[in-house]
Participant: 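Attaching a single structure in structure tokens format; questions to follow.
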Amino acid sequence: MRHLSFTTMAAVAVLVSAAAVVSAKQAWPPVIETSGLWSAYDSTLSKAKYIDLTHTIRPDMPIWRGFGNITFSPAINKDTGQAFAYATDGFVANAYKLTTDQMGTQLDAPAHFNAHYAATDEMPPTFALRKLCVIDVSAQAKKNSSYALTVEDVLGWEAENGRVPRGSVVFVRSDWSRTWPHVDTDVFPQVSLDAVQFLHLQRGILFHGHEPLDTDMTPNFDAEAWILGHGYAQAEGVTNLHLLPPKGCLLSTGFPKFKGGAGNYVRYVAVCPENWPHGVSPGQVPEAPMQYFEEALVWNAQKGYRSRS
Ligand SMILES: *[C@@H]1O[C@H](CO)[C@@H](O)[C@H](O)[C@H]1NC(C)=O
Ligand SMILES: *[C@@H]1O[C@H](CO)[C@@H](O)[C@H](O)[C@H]1NC(C)=O
């Protein structure tokens, strides 16, 4: 399988950085062997299928009932009191009133529940690219809308796909997000405390993720409190998991760095094998320049955001 080449790639990367340290003492800029990563990109990532696992942040999306609605507005020029406009200023900008950093597709920082662990700006850059496992409990969730992922579900996945790799990300597919934004935020498929403890303590995963906006419906957020309270991160509000194979994809994670943030607004993108039927590859879509739309983007006061119609 293609993902085996990443083990080789990681080994090459280690050797490359060791070589860089040695040569850094002699010359600047150091001579770095770039062929490992760039050839891996050419042979694998450049042909891979990229699939967005992210909801668009918009004022009319579901949000946890404890937080107020968010609002968007045009950014105002403080000198004139007028909204910036293409005609008068050459550009537009937006202002967002966000009632929480816990909304949409997220990566919870442990500081969300524990003041002594990392906030969003303190999370390591190594989260950027990992192996992705997808455990499908959509059949169970269809029968029971509050079904909770069990250790047996994880072992069932392993019987078919091999051991969950150390340092990987595990997403739980429930199909809860398939009807987004028309979803039930009060009753939803859960992840049990036993299952997350097994994944972290027995398998050493980086983090797990789920489609609903919360991990569990227990009165004290048992699973979420254990995860974050012990310094682990977790993904919430992920979508499009029905487009992924159970193993073989990578997960790209990108998020802004708010000082002292308790949660991240995230763009998750699955990077899947070349022969996977879903997703797009670099060069298959307009990238540089990007897509041109005949219909202009305009501020829609009724909708409360900029749109093309
Ligand atoms: C919040 O947004 C929802 C969905 O758009 C809407 O139904 C609700 O009325 C809003 N609540 C308030 C207080 O504006
Ligand atoms: C649904 O799953 C939850 C979580 O495991 C459980 O507490 C509940 O009893 C189940 N409901 C039914 C009807 O099986």
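One-based numbering, in listed order, for ligands and for the atoms of each.
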Participant: Quick one: closest heavy-atom pair of H55 and T105, and the distance?
Facilitator: N-OG1, 2.8 Å
Participant: Any idea which residues sit under 4.0 Å from ligand 2, heavy-atom distances?
Facilitator: N144, S146, Y147, A148, Q190
Participant: For the atom pair CG (L193) and OG1 (T218), what is the distance rounded to the nearest 0.5 Å?
Facilitator: 8.5 Å
Participant: Give me the one residue out of Y117, W226, F207 that meets ring pair (Phe, Tyr, Trp, His ring centres under 6.0 Å) with Y232.
Facilitator: W226
Participant: State, without any angle test, whether Q140 and D153 hold a side-chain donor-acceptor pair at a distance under 3.5 Å.
Facilitator: yes
Participant: Spell out, as yes or no, whether a donor-acceptor pair under 3.5 Å connects the side chain of W176 to the backbone of D184.
Facilitator: yes
Participant: Measure from the side-chain N and O atoms of E211 to the backbone N and O of S174, and report whether any donor-acceptor pair falls under 3.5 Å.
Facilitator: yes
